[in-house]
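All values derive from a computational prediction rather than experimental measurement. FYI, side chains are in, hydrogens and waters are out, and symmetry mates aren't considered; it's all heavy atoms of this structure.
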Amino acid sequence: MDQQLNRPGPTPASEPVSRRGVLRAATVSAAAVGAAGLLAGPASAAPAAPGQQAQGRRRVPVDRISIQLYTLRDQLAADLPGSLDALRRIGYRRVEHAGFVGRTAAQFRAALDEAGLRSTSGHVGIPQPFDAATWEQALADANVVGCKKIVHPYFGRDASGQPIRDPAVYRALARDLNKAGRLAERAGLDFGYHNHQLEFVPLTGGSTGFDILTAQTDPRLVHFELDLYWTWRGAHDPVDVFRANRGRIRQVHVKDLDVEGGFADLGDGVIDFGRIFAHEREAGIEEYIVERDDAGTAPRSPADALDTARVGFDYLASLRY
(Lines give C-alpha, C1' and ligand atoms only; values in the text may rest on other atoms or scores of the structure.)
Protein backbone atom coordinates (compact mmCIF):
# COMPACT_ATOMS: atom_id res chain seq x y z
CA MET A 1 0.00 0.00 0.00
CA ASP A 2 1.19 3.52 -0.77
CA GLN A 3 3.06 5.21 2.08
CA GLN A 4 0.78 8.20 1.57
CA LEU A 5 -2.04 6.19 3.12
CA ASN A 6 -0.19 3.78 5.35
CA ARG A 7 3.01 4.54 7.20
CA PRO A 8 4.98 1.63 8.67
CA GLY A 9 4.89 1.30 12.43
CA PRO A 10 8.35 1.12 13.96
CA THR A 11 7.90 -1.63 16.54
CA PRO A 12 9.17 -4.99 15.24
CA ALA A 13 6.03 -6.91 16.18
CA SER A 14 3.48 -4.40 14.94
CA GLU A 15 1.51 -4.29 11.73
CA PRO A 16 1.74 -1.12 9.59
CA VAL A 17 0.10 1.82 11.34
CA SER A 18 -1.97 4.33 9.35
CA ARG A 19 -2.50 7.92 10.39
CA ARG A 20 -6.20 7.13 10.64
CA GLY A 21 -5.15 4.55 13.21
CA VAL A 22 -3.35 7.30 15.06
CA LEU A 23 -6.57 9.27 15.26
CA ARG A 24 -8.41 6.26 16.66
CA ALA A 25 -5.63 5.82 19.21
CA ALA A 26 -5.74 9.45 20.29
CA THR A 27 -8.34 8.75 22.96
CA VAL A 28 -6.08 6.08 24.46
CA SER A 29 -3.20 8.42 25.14
CA ALA A 30 -5.44 11.38 25.95
CA ALA A 31 -6.81 9.32 28.82
CA ALA A 32 -3.28 8.33 29.78
CA VAL A 33 -2.00 11.88 30.09
CA GLY A 34 -5.19 13.32 31.54
CA ALA A 35 -7.77 15.39 29.74
CA ALA A 36 -7.14 18.32 32.08
CA GLY A 37 -3.68 18.75 30.62
CA LEU A 38 -4.74 19.39 27.05
CA LEU A 39 -4.55 23.18 27.23
CA ALA A 40 -2.52 23.78 30.39
CA GLY A 41 1.23 23.65 29.90
CA PRO A 42 3.94 24.46 32.45
CA ALA A 43 4.51 27.90 30.89
CA SER A 44 0.94 28.73 32.00
CA ALA A 45 0.13 31.24 29.27
CA ALA A 46 -3.46 31.10 28.05
CA PRO A 47 -4.09 30.18 24.40
CA ALA A 48 -5.58 32.83 22.14
CA ALA A 49 -9.29 32.94 21.46
CA PRO A 50 -10.40 31.39 18.14
CA GLY A 51 -9.14 33.53 15.27
CA GLN A 52 -7.09 35.77 17.56
CA GLN A 53 -3.54 36.60 16.49
CA ALA A 54 -0.72 38.06 18.52
CA GLN A 55 0.45 41.44 17.23
CA GLY A 56 4.08 42.39 16.67
CA ARG A 57 6.76 43.13 14.12
CA ARG A 58 7.88 39.58 13.46
CA ARG A 59 6.28 37.28 10.91
CA VAL A 60 6.66 33.80 9.46
CA PRO A 61 8.85 34.05 6.34
CA VAL A 62 6.57 33.16 3.43
CA ASP A 63 9.32 31.14 1.74
CA ARG A 64 9.50 28.90 4.83
CA ILE A 65 5.81 27.99 4.85
CA SER A 66 5.20 24.40 3.74
CA ILE A 67 2.36 21.88 3.88
CA GLN A 68 2.42 18.22 4.83
CA LEU A 69 0.85 16.48 1.84
CA TYR A 70 -0.80 13.92 4.12
CA THR A 71 -3.34 16.71 4.62
CA LEU A 72 -4.43 16.27 0.98
CA ARG A 73 -3.86 12.52 0.61
CA ASP A 74 -7.26 11.66 -0.92
CA GLN A 75 -7.31 14.72 -3.15
CA LEU A 76 -3.77 13.97 -4.38
CA ALA A 77 -4.78 10.40 -5.16
CA ALA A 78 -7.72 11.70 -7.24
CA ASP A 79 -5.82 14.45 -9.06
CA LEU A 80 -2.12 14.82 -8.38
CA PRO A 81 -1.28 17.47 -11.02
CA GLY A 82 -4.36 19.58 -10.32
CA SER A 83 -3.88 19.44 -6.55
CA LEU A 84 -0.21 20.42 -6.73
CA ASP A 85 -1.06 23.25 -9.10
CA ALA A 86 -3.73 24.47 -6.66
CA LEU A 87 -1.17 24.53 -3.84
CA ARG A 88 1.16 26.62 -5.99
CA ARG A 89 -1.65 29.06 -6.77
CA ILE A 90 -2.47 29.35 -3.05
CA GLY A 91 1.10 30.53 -2.52
CA TYR A 92 3.03 27.45 -1.40
CA ARG A 93 6.50 26.99 -2.83
CA ARG A 94 7.49 23.99 -0.74
CA VAL A 95 5.79 20.83 0.51
CA GLU A 96 6.57 17.88 2.76
CA HIS A 97 5.73 14.56 1.17
CA ALA A 98 4.31 11.45 2.83
CA GLY A 99 4.92 8.90 0.11
CA PHE A 100 4.77 9.37 -3.65
CA VAL A 101 1.04 8.83 -4.38
CA GLY A 102 1.66 5.63 -6.32
CA ARG A 103 4.50 7.14 -8.38
CA THR A 104 8.22 6.49 -8.37
CA ALA A 105 10.43 9.10 -6.77
CA ALA A 106 11.40 10.38 -10.23
CA GLN A 107 7.77 10.59 -11.38
CA PHE A 108 6.76 12.40 -8.21
CA ARG A 109 9.64 14.87 -8.64
CA ALA A 110 8.51 15.53 -12.20
CA ALA A 111 4.98 16.33 -10.98
CA LEU A 112 6.38 18.74 -8.40
CA ASP A 113 8.60 20.41 -10.98
CA GLU A 114 5.66 20.85 -13.35
CA ALA A 115 3.70 22.58 -10.57
CA GLY A 116 6.62 24.76 -9.52
CA LEU A 117 6.92 23.15 -6.07
CA ARG A 118 9.82 21.71 -4.07
CA SER A 119 9.54 18.84 -1.61
CA THR A 120 12.06 20.14 0.89
CA SER A 121 11.16 17.46 3.45
CA GLY A 122 9.61 14.01 3.49
CA HIS A 123 8.17 11.53 5.99
CA VAL A 124 9.73 8.08 5.73
CA GLY A 125 9.79 5.57 8.57
CA ILE A 126 13.12 4.01 9.44
CA PRO A 127 13.13 0.21 9.04
CA GLN A 128 12.37 -1.77 12.18
CA PRO A 129 14.42 -3.76 12.86
CA PHE A 130 16.92 -1.33 11.42
CA ASP A 131 18.28 -2.27 8.01
CA ALA A 132 20.94 0.00 6.51
CA ALA A 133 20.37 -1.04 2.89
CA THR A 134 16.64 -0.36 3.05
CA TRP A 135 17.23 3.01 4.66
CA GLU A 136 19.88 3.96 2.12
CA GLN A 137 17.36 3.34 -0.66
CA ALA A 138 14.89 5.65 1.08
CA LEU A 139 17.62 8.28 1.30
CA ALA A 140 18.38 7.88 -2.39
CA ASP A 141 14.69 8.41 -3.21
CA ALA A 142 14.64 11.51 -1.00
CA ASN A 143 17.54 12.94 -2.97
CA VAL A 144 15.79 12.20 -6.26
CA VAL A 145 12.75 14.12 -5.02
CA GLY A 146 15.01 16.99 -3.92
CA CYS A 147 14.52 16.83 -0.17
CA LYS A 148 16.84 18.56 2.26
CA LYS A 149 15.31 16.85 5.27
CA ILE A 150 13.90 13.38 5.92
CA VAL A 151 11.75 12.69 8.99
CA HIS A 152 10.67 9.57 10.86
CA PRO A 153 6.90 10.09 11.24
CA TYR A 154 5.50 7.83 13.97
CA PHE A 155 6.23 5.79 17.08
CA GLY A 156 4.68 5.04 20.43
CA ARG A 157 2.26 2.08 20.37
CA ASP A 158 2.96 -1.55 21.13
CA ALA A 159 1.60 -4.54 19.20
CA SER A 160 -1.70 -4.37 21.11
CA GLY A 161 -2.20 -0.71 20.27
CA GLN A 162 -1.41 0.56 23.76
CA PRO A 163 1.11 3.32 24.55
CA ILE A 164 4.64 1.98 24.99
CA ARG A 165 5.63 2.15 28.66
CA ASP A 166 8.99 0.37 28.62
CA PRO A 167 11.89 2.86 28.55
CA ALA A 168 14.13 0.21 27.01
CA VAL A 169 12.04 0.36 23.82
CA TYR A 170 12.67 4.10 23.52
CA ARG A 171 16.37 3.66 24.25
CA ALA A 172 16.56 1.12 21.43
CA LEU A 173 14.74 3.53 19.12
CA ALA A 174 17.19 6.29 20.02
CA ARG A 175 20.08 4.07 18.94
CA ASP A 176 18.35 3.37 15.62
CA LEU A 177 17.63 7.07 15.10
CA ASN A 178 21.32 7.80 15.54
CA LYS A 179 22.17 5.14 12.95
CA ALA A 180 19.60 6.57 10.55
CA GLY A 181 20.86 10.09 11.14
CA ARG A 182 24.46 9.12 10.44
CA LEU A 183 23.51 7.55 7.11
CA ALA A 184 21.32 10.54 6.26
CA GLU A 185 24.23 12.89 6.94
CA ARG A 186 26.41 10.90 4.56
CA ALA A 187 23.67 11.22 1.94
CA GLY A 188 23.56 15.00 2.39
CA LEU A 189 20.24 15.04 4.28
CA ASP A 190 19.16 16.30 7.69
CA PHE A 191 17.29 13.66 9.68
CA GLY A 192 14.45 14.44 12.04
CA TYR A 193 11.87 12.81 14.30
CA HIS A 194 8.17 13.77 14.33
CA ASN A 195 6.21 13.33 17.55
CA HIS A 196 2.65 12.53 18.40
CA GLN A 197 1.16 12.57 21.91
CA LEU A 198 2.40 9.10 22.78
CA GLU A 199 6.00 10.19 23.38
CA PHE A 200 4.75 12.22 26.37
CA VAL A 201 2.99 9.33 28.15
CA PRO A 202 4.79 8.55 31.45
CA LEU A 203 6.97 5.45 31.23
CA THR A 204 7.77 2.89 33.88
CA GLY A 205 10.19 4.75 36.10
CA GLY A 206 8.70 8.19 35.53
CA SER A 207 10.42 9.61 32.45
CA THR A 208 8.82 9.94 29.02
CA GLY A 209 9.77 8.64 25.60
CA PHE A 210 10.41 12.21 24.48
CA ASP A 211 12.84 12.69 27.39
CA ILE A 212 14.77 9.60 26.29
CA LEU A 213 14.80 10.50 22.60
CA THR A 214 16.05 14.03 23.21
CA ALA A 215 18.67 12.89 25.72
CA GLN A 216 19.99 9.84 23.87
CA THR A 217 20.02 10.99 20.24
CA ASP A 218 23.00 12.91 18.90
CA PRO A 219 22.06 16.57 18.25
CA ARG A 220 24.41 16.55 15.27
CA LEU A 221 22.47 13.67 13.69
CA VAL A 222 18.84 14.00 14.84
CA HIS A 223 16.66 17.08 15.03
CA PHE A 224 12.97 17.24 15.98
CA GLU A 225 9.92 18.17 13.98
CA LEU A 226 7.57 19.22 16.75
CA ASP A 227 3.89 18.71 16.03
CA LEU A 228 2.30 21.54 17.99
CA TYR A 229 -1.15 19.93 18.13
CA TRP A 230 0.08 16.56 19.35
CA THR A 231 2.39 18.23 21.86
CA TRP A 232 -0.61 19.97 23.42
CA ARG A 233 -2.52 16.67 23.33
CA GLY A 234 0.40 15.19 25.25
CA ALA A 235 -0.13 17.85 27.96
CA HIS A 236 3.08 19.73 27.12
CA ASP A 237 3.52 23.37 26.21
CA PRO A 238 5.61 23.69 23.02
CA VAL A 239 7.40 26.72 24.50
CA ASP A 240 8.71 24.56 27.33
CA VAL A 241 9.82 21.94 24.80
CA PHE A 242 11.68 24.65 22.86
CA ARG A 243 13.45 25.84 25.99
CA ALA A 244 14.53 22.34 26.93
CA ASN A 245 15.81 21.57 23.42
CA ARG A 246 17.37 24.78 22.15
CA GLY A 247 18.31 24.66 18.49
CA ARG A 248 16.93 21.16 17.91
CA ILE A 249 13.34 21.98 16.88
CA ARG A 250 14.09 22.79 13.25
CA GLN A 251 10.62 22.05 11.90
CA VAL A 252 7.13 22.46 13.31
CA HIS A 253 3.81 21.01 12.21
CA VAL A 254 1.36 23.87 12.58
CA LYS A 255 -1.97 22.27 13.37
CA ASP A 256 -4.81 23.79 15.41
CA LEU A 257 -6.81 22.30 18.28
CA ASP A 258 -10.55 22.83 18.63
CA VAL A 259 -12.34 23.24 21.94
CA GLU A 260 -13.24 19.54 22.00
CA GLY A 261 -9.63 18.42 21.52
CA GLY A 262 -10.06 17.64 17.82
CA PHE A 263 -8.58 19.25 14.71
CA ALA A 264 -9.31 22.73 13.38
CA ASP A 265 -8.11 24.87 10.51
CA LEU A 266 -5.44 27.36 11.55
CA GLY A 267 -6.93 30.31 13.41
CA ASP A 268 -10.22 28.51 14.13
CA GLY A 269 -8.87 26.70 17.20
CA VAL A 270 -7.42 27.61 20.58
CA ILE A 271 -3.64 27.43 20.06
CA ASP A 272 -1.84 30.78 20.28
CA PHE A 273 0.73 30.27 17.52
CA GLY A 274 2.09 33.79 17.83
CA ARG A 275 3.09 33.14 21.42
CA ILE A 276 4.82 29.92 20.37
CA PHE A 277 6.60 31.40 17.35
CA ALA A 278 7.93 34.25 19.47
CA HIS A 279 10.41 31.59 20.64
CA GLU A 280 11.34 30.44 17.12
CA ARG A 281 14.99 31.48 17.37
CA GLU A 282 15.38 29.67 20.66
CA ALA A 283 13.94 26.54 19.04
CA GLY A 284 15.88 26.83 15.79
CA ILE A 285 12.80 26.66 13.51
CA GLU A 286 13.60 26.55 9.80
CA GLU A 287 10.25 25.37 8.41
CA TYR A 288 6.59 25.95 9.31
CA ILE A 289 4.47 23.08 7.96
CA VAL A 290 0.67 23.31 7.75
CA GLU A 291 -1.13 20.06 8.52
CA ARG A 292 -4.59 18.82 9.44
CA ASP A 293 -4.98 15.06 9.78
CA ASP A 294 -8.70 14.91 8.95
CA ALA A 295 -8.82 17.71 6.36
CA GLY A 296 -10.29 15.61 3.54
CA THR A 297 -12.03 12.75 5.33
CA ALA A 298 -15.74 12.31 6.04
CA PRO A 299 -17.82 14.27 6.74
CA ARG A 300 -15.58 16.60 4.72
CA SER A 301 -14.83 15.85 1.07
CA PRO A 302 -11.28 15.34 -0.29
CA ALA A 303 -11.46 18.70 -2.07
CA ASP A 304 -12.12 20.42 1.28
CA ALA A 305 -8.48 19.77 2.13
CA LEU A 306 -7.58 22.51 -0.35
CA ASP A 307 -9.62 24.93 1.76
CA THR A 308 -7.60 23.86 4.79
CA ALA A 309 -4.41 24.45 2.78
CA ARG A 310 -5.55 27.93 1.73
CA VAL A 311 -6.66 28.94 5.23
CA GLY A 312 -3.40 27.63 6.70
CA PHE A 313 -1.19 29.49 4.25
CA ASP A 314 -3.12 32.75 4.63
CA TYR A 315 -3.05 32.48 8.42
CA LEU A 316 0.71 31.97 8.61
CA ALA A 317 1.44 34.62 5.99
CA SER A 318 -0.60 37.23 7.90
CA LEU A 319 0.42 36.27 11.45
CA ARG A 320 2.37 38.92 13.40
CA TYR A 321 3.95 38.29 16.79
Side-chain angles (χ1 to χ4, degrees), residues 1-9 14-31 35 38-39 50-51 66-90 92 95-103 108 111 115 122-123 125 153-154 156-157 161-163 194-198 227-234 253-271 289-316:
M1 184 176 291
D2 191 336
Q3 287 180 337
Q4 179 81 11
L5 302 178
N6 197 340
R7 298 182 183 179
S14 66
E15 293 296 322
V17 178
S18 70
R19 289 284 290 273
R20 291 190 179 98
V22 174
L23 299 180
R24 288 193 297 270
T27 54
V28 175
S29 62
L38 290 181
L39 292 177
S66 181
I67 185 166
Q68 166 51 250
L69 293 182
Y70 184 79
T71 304
L72 297 103
R73 56 196 176 276
D74 295 325
Q75 181 65 18
L76 290 168
D79 182 6
L80 178 62
S83 301
L84 295 179
D85 181 66
L87 291 176
R88 179 65 172 78
R89 285 185 281 107
I90 287 169
Y92 290 99
V95 300
E96 181 178 56
H97 77 74
F100 302 140
V101 200
R103 274 72 168 177
F108 189 72
H123 273 197
Y154 182 79
R157 289 198 296 169
Q162 297 302 307
H194 172 272
N195 69 285
H196 287 81
Q197 79 282 39
L198 298 168
D227 188 301
L228 303 178
Y229 170 94
W230 289 117
T231 300
W232 278 117
R233 284 295 301 263
H253 271 192
V254 191
K255 182 188 307 180
D256 217 340
L257 175 74
D258 72 19
V259 294
E260 303 297 331
F263 301 110
D265 283 349
L266 296 190
D268 291 340
V270 298
I271 296 179
I289 305 169
V290 173
E291 186 182 33
R292 178 169 170 170
D293 294 32
D294 67 342
T297 58
R300 304 182 82 197
S301 71
D304 288 335
L306 287 169
D307 290 333
T308 289
R310 176 185 52 77
V311 170
F313 183 90
D314 291 346
Y315 177 87
L316 289 182

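- Side chain of Q68 to backbone of Y70: a donor-acceptor contact under 3.5 angstrom is found.
- For S83, the side-chain contact (heavy atoms from CB on, under 4.5 Å) partners at least two apart in sequence or on another chain are Q75, L76, D79.
- By the 30° and 60° cut-offs, the orientation of the rings of H196 relative to W230 is tilted.
- For the atom pair CD of E291 and OG1 of T71, the computed distance is 4.5 Å after rounding to the nearest 0.5 Å.
- Of the inter-residue distances, the one linking L69 atom CG with H97 atom NE2 reads 9.0 Å to the nearest 0.5 angstrom.
- Nearest heavy-atom pair across K255 and D293 is NZ-OD1, 2.6 Å.
- The side-chain hydrogen bond (donor to acceptor under 3.5 Å, both in side chains) test applied to D256 returns no partner, not counting sequence neighbours.
- I90 and L306 make their closest contact through CD1-O, 3.8 Å (heavy atoms, listed as atom of the first residue, atom of the second, distance).
- The distance from atom NE2 of H194 to atom NE2 of H123, rounded to the nearest 0.5 Å, is 5.0 Å.
- Scanning for side-chain contact (heavy atoms from CB on, under 4.5 Å) contacts around A305 gives L72, A295, with sequence neighbours left out.
- Here the CZ atom belonging to R73 is positioned 5.5 Å from the OG1 atom belonging to T297, to the nearest 0.5 angstrom.
- Side-chain N or O atoms of D304 include one that pairs as donor or acceptor with a backbone N or O of S301 at under 3.5 Å.
- Counting only heavy atoms from C-beta outward, the side chains of L87 and F313 never approach each other to under 4.5 Å.
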Run the side-chain contact (heavy atoms from CB on, under 4.5 Å) check on V290 and Y315 step by step: do they pass? CA-CA 10 Å; V290 173; Y315 177 87; over 6 Å; no
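- Between the side chain of Y92 and the backbone N or O of A309 there is at least one donor-acceptor pair closer than 3.5 Å.
- Residues passing the side-chain hydrogen bond (donor to acceptor under 3.5 Å, both in side chains) test with T308, sequence neighbours excluded: D265, R300.
- Counting all heavy atoms, side chain and backbone alike, A115 lies closest to L84 at CB-CB, 3.7 Å.
- Qualifying salt bridge (Lys or Arg N to Asp or Glu O under 4.0 Å) partners for D85, counting only residues two or more places apart in sequence or in other chains: R89.
- In this structure, S66 OG and H253 NE2 are separated by 8.0 Å, a value rounded to the nearest 0.5 Å.
- Here the CG atom belonging to D268 is positioned 12.0 Å from the CG atom belonging to L257, to the nearest 0.5 angstrom.
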